[in-house]
Amino acid sequence: MKNFILKNRRGGDKILSMYWFGVLFIIAAGIFSMVYIFYASPFDVREIESSILANRIAECLSHEGKIDAKWIISAESCSDGNECPAALENEIPKECNLNFNSEFEGQQNYVQIDFYEMTNFKASLLEEKEIIVSEPLRTVYYGNINLKADCNIEESKDYKKQSKCVLKRFYAIDSNENKYIVSVLSATRKTEKNAIL
Amino acid sequence: MRYSKGQVSETTTWLVATVIIIFALLMSVYAASTISVLTKNVGVGSSSEFFKGQNEGDVFLKESIFAYMITKDTEGINIYTQMTSDGSTSPFGQSFGLSVFGKIYDLSKMSLVKINFNGKSQVVISSDDLVNGALTSENVKIKAHSFEVIGSEK
């Protein structure tokens, strides 16, 4: 009888050890999957990048509330119906000391600046979406213009792989006391680094 | 047969324990995936505290306030001078403030925009669905007078 009990206990211990190994494996697999899931997706900083870019553009255009004369002169010449010189598009990186290069092929950013006359500026809401009714005096842009389409889509639905956009406005005056509303649209792609591993 | 009841009881205990362990792990895996989604999308709203810490604030609002302060009325006196000399903001300053700060915000994203003149609030934009979203504010204090713009996102 004594021998039987001892033999039986040994068998039970063996099964229990197997079970413990099983539990250890389950816990290890659980911890592994938790860590893997957490670190599998990269940090998405595109919205912040777009916001920082928009801020730099705003600081470049306006100095303590006054727009630099070079932007205004161009705006006036364009408002008279004259075509804006193509070279103006390249003013943004040059004048604002911005480097739009990245480790990826092609332009990964898009910046668009719209100058509106403040007194004529009008925006209205249509199906919870803001629409600017006024025509800009002048539009200056730089970068990959294809990204602008993503910004229009983003207003209705936010997809993970599309570019992240920031659209903000500020009020500024020029040296002749003309009042302007300046709208800055900034878009960042860089999907490979921020949305896909 | 004499030991079978004890063995069944012991097996049931371990079985239940295993189920609990697996359930706890599955919950943790689900929590890890949820936290990953929530924390890894570093948006402007969620990281606004970061910008505050850097004294960055709202650059667009700051530039607008600077321009507002140097805007002159029909007599050629700017709002800044009016604030420092009159002791209160002039009717021009107040009406012009409402006009300017009602135009710089995206109407679809803001639930409330207020201007405070020396602590007295004036509502610029107010939507039906007032939600306490991310707050943006900038203020200017000149002697005893203060001017503040506060915006609340939807």
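Being a predicted model, the structure only gives us computed values, none of them experimental. Because only heavy atoms are used, hydrogens play no part in the values below, and waters and symmetry mates are left out as well, while side chains stay in.
Note on B:Phe66, B:Phe101, B:Phe60: by heavy-atom pairs under 4.5 Å with chain A, the leading option is B:Phe60.
In this structure, A:Tyr110 has its ring center no closer than 6.0 Å to that of A:Tyr142. The distance between the ring centers of A:Tyr116 and A:Tyr180 does not fall below 6.0 angstrom.
If you measure heavy-atom distances from A:Lys122 to chain B, you find no contacts under 4.5 Å at all. In this structure, chain B has a heavy atom under 4.5 Å from the backbone of A:Thr119, while its side chain stays farther away. Residue A:Ile26 touches chain B through both its backbone and its side chain, counting heavy-atom pairs closer than 4.5 Å. For A:Ile27, the parts sitting under 4.5 Å from any heavy atom of chain B are the backbone and the side chain alike. Contacts between A:Ala54 and chain B at a heavy-atom distance below 4.5 Å involve backbone atoms as well as side-chain atoms. Heavy-atom distances place the side chain of A:Glu177, and not its backbone, under 4.5 Å from chain B. Contact annotation for B:Tyr105: only backbone heavy atoms (N, CA, C, O) come within less than 4.5 Å of a heavy atom of chain A. If you measure heavy-atom distances from B:Ile70 to chain A, the contacts under 4.5 Å come from both the backbone and the side chain. Interface remark: B:Ser99 contributes backbone and side-chain atoms alike to the contact with chain A (heavy atom separation under 4.5 Å).
Enclosure of atom CZ in A:Phe104 by more than 12 non-hydrogen atoms of other residues, nucleotides or ligands within 6.0 angstrom is indicated. Atom CD of A:Glu135 is surrounded by 12 or fewer heavy atoms from other residues, nucleotides or ligands within 6.0 Å.
Proximity of B:Trp14 to A:Trp20: side-chain heavy atoms (C-beta onward) are separated by under 4.5 Å at one or more points.
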Kindly indicate, with the supporting measurements, whether the criterion side chain to side chain donor-acceptor pair (under 3.5 Å) is fulfilled by A:Gln107 and A:Asn109. CA-CA 6 Å; A:Gln107 277 285 356; A:Asn109 296 89; over 6 Å; no
Assess whether side chain to side chain donor-acceptor pair (under 3.5 Å) is satisfied between A:Asn120 and A:Ser134, documenting all intermediate values. CA-CA 7 Å; A:Asn120 297 334; A:Ser134 324; over 6 Å; no
